[in-house]
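Both backbone and side-chain heavy atoms feed into the values below; hydrogens, waters and symmetry mates do not.
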Amino acid sequence: MVVLSKPTIADFPPIINCKSTTLFPVIPTVDLSEPDSKHLVVKSCEEFGFFKVINHGIPLELISRLETEVIEFFSLSLSEKQKAGPPDPFGYGNRSIGPNGDVGWVEYLLLTMNQERNSQKLATIFGKYPEKLCSALNDYVLAVKKMACELLELMADGLRIKPRNVFSKLLKDEQSDSVFRLNHYPPCSELQASNGKNMIGFGEHTDPQIISVLRSNNTSGLQISLGNGSWISVPPDANSFFINVGDSLQVMTNGRFKSVRHRVLANSIKSRISMIYFGGPPLNEKIAPLPSLVEGKESLYKEFTWFEYKRSAYKSRLGDNRLSQFERTAAA
């Protein structure tokens, strides 16, 4: 088990009462070995903005190799980890999430897709050549990026959009503004005596990018919102991946796909490790509903660049509706 230098509960968000939640056994599951999975992908993106991927073809050895290195990193003393921080926005951070006052029962390492820059960050901790972590990280990211592109092309096929790389080309672009995040949620022993209350590990939010690929260890905590105010706990599955529709994909599909609102609750007993690839477009890429998905309908969003949206999101709080200022208002 990963153990942080002991945090004090006063430094974190207050224990909160949440609506009672249960594990949700009907999380849509996409089997990538099935030849006609595109229809289930589209349905899942429309109804939930979220689904699980099985038979993904990514070797479990590759996954466990990175997790081993991540656990080693988060097991270091706080003073050692802080050598890779503070986040600028890349680097090591704890408790504070973003610059606007959001906090959580979490520590994290946010990395760019620039291998040289990551090596420089991590060399401050692991010495001149942080080869094991960087090698495991690069192999893992290449694999999940490939899967993300495959899923985006299935989405295009299911929506009957041509060309089928209309989404995936944005991740494959050399200027793609994708990032990778490692989260560690330490056990919160105080919750054992809190009469069923919960503590926020990472507050409710949507992801601003196009698509997110999440993998976590076998510890519960992830919840998604069904849109009616209720929260559903997602059963953990260390061998599968979970996919989030991001804000940018919601805009490009003119609202047909839903950017899922999600959060993480702290666990009283076990550490939770999550590894998330956020597939983003180039900074100068114009984000707008695709013409083929607007035919005969009203365009719900104004055009904006990813840089404009990213800058706006950086100024917001986690729970804000970041798309609201880019929505088109109905004509009077």
Side-chain angles (χ1 to χ4, degrees), residues 1-13 63 65-141 144 177-188 199-203 205 207-209 212-217 219 221 263-264 266-267 270-278 280 310 313-314 317-318:
M1 179 180 292
V2 183
V3 179
L4 279 175
S5 49
K6 177 120 178 113
T8 60
I9 201 165
D11 294 328
F12 289 86
I63 298 170
R65 182 160 63 98
L66 178 58
E67 183 177 284
T68 298
E69 296 300 322
V70 171
I71 289 173
E72 180 178 337
F73 171 80
F74 284 123
S75 298
L76 294 171
S77 67
L78 182 59
S79 61
E80 286 295 307
K81 290 178 287 192
Q82 286 177 329
K83 292 179 181 178
D88 57 356
F90 300 107
Y92 172 81
N94 62 57
R95 296 182 284 196
S96 295
I97 303 171
N100 301 309
D102 291 299
V103 292
W105 190 268
V106 64
E107 60 174 348
Y108 62 89
L109 187 62
L110 185 63
L111 300 168
T112 175
M113 293 297 98
N114 185 310
Q115 297 180 20
E116 182 178 348
R117 186 173 179 184
N118 289 339
S119 294
Q120 292 171 351
K121 278 280 185 186
L122 298 175
T124 61
I125 300 171
F126 295 106
K128 188 175 181 181
Y129 300 105
E131 292 177 348
K132 287 177 64 180
L133 177 56
C134 289
S135 174
L137 178 69
N138 294 337
D139 291 346
Y140 180 90
V141 169
V144 295
D177 186 41
S178 299
V179 298
F180 190 67
R181 186 181 185 105
L182 303 167
N183 289 327
H184 171 228
Y185 303 91
C188 183
M199 178 177 286
I200 290 295
F202 206 109
H205 63 286
D207 295 337
Q209 291 89 355
S212 306
V213 180
L214 163 71
R215 186 266 170 190
S216 66
N217 63 347
T219 303
R263 68 184 183 189
V264 175
N267 190 289
K270 297 173 63 179
S271 290
R272 185 173 188 271
I273 295 286
S274 63
M275 309 186 294
I276 314 104
Y277 167 77
F278 298 97
K310 186 178 179 180
Y314 191 71
R317 297 291 300 270
L318 270 180

Less than 4.5 Å apart, any side-chain heavy atom of [X] and any of [Y]?
| X | Y | answer |
| --- | --- | --- |
| Tyr277 | Met113 | yes |
| Tyr92 | Leu182 | no |
| Ser271 | His184 | yes |

Let me confirm one number: the [atom1]-[atom2] distance from [X] to [Y], rounded to the nearest 0.5 Å.
| X | Y | atom1 | atom2 | value |
| --- | --- | --- | --- | --- |
| Ser135 | Arg65 | OG | CZ | 4.5 Å |
| Arg95 | Glu107 | CZ | CD | 10.0 Å |
| Lys81 | Leu76 | NZ | CG | 7.0 Å |
| Glu131 | Leu122 | CD | CG | 12.5 Å |

Any donor-acceptor pair under 3.5 Å from Ser274 side chain to Ser216 backbone: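 Not at all, since once roles are kept as given, no pair shorter than 3.5 Å links the two residues.
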Backbone of Ile276 reached by a side-chain donor or acceptor of Asn183 within 3.5 Å: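 No, Asn183 side chain to Ile276 backbone: no donor-acceptor pair under 3.5 Å.
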Show the nearest heavy-atom pair for residues [X] and [Y], with the distance to one decimal.
| X | Y | answer |
| --- | --- | --- |
| Met275 | Leu66 | SD-CD2, 3.5 Å |
| Arg272 | Thr219 | NE-O, 3.4 Å |
| Gly203 | Arg263 | C-CB, 3.9 Å |
| Leu318 | His205 | O-CB, 3.4 Å |
| Ile71 | Ser75 | O-OG, 2.7 Å |
| Asn94 | Gln82 | ND2-NE2, 4.2 Å |

Any residue meeting side chain to side chain donor-acceptor pair (under 3.5 Å) with Asn138, in chain and number order, not counting sequence neighbours: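 With neighbours one apart ignored, the set is Gln115.
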From CA spacing to verdict: side-chain contact (heavy atoms from CB on, under 4.5 Å), Val179, Gln209: CA-CA 10 Å; Val179 298; Gln209 291 89 355; 4.1 Å; yes
Stepwise side-chain contact (heavy atoms from CB on, under 4.5 Å) test for Leu137 and Leu111: CA-CA 10 Å; Leu137 178 69; Leu111 300 168; 3.4 Å; yes
Reference residue Leu109; test side chain to side chain contact (heavy atoms under 4.5 Å, CB included); the match among Phe180, Phe90, Phe73: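 Among Phe180, Phe90, Phe73, the one that satisfies the side chain to side chain contact (heavy atoms under 4.5 Å, CB included) with Leu109 is Phe73.
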Residue pair Ser212 / Asp207, side-chain donor-acceptor N/O under 3.5 Å: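 Result is yes, a qualifying pair exists.
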Working for side-chain contact (heavy atoms from CB on, under 4.5 Å), residues Phe202 and Ile97: CA-CA 8 Å; Phe202 206 109; Ile97 303 171; 3.4 Å; yes
Cation-pi, Tyr108 ring and Arg181 (6.0 angstrom, 45 degrees):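 The answer is yes; both the distance and angle limits are met.
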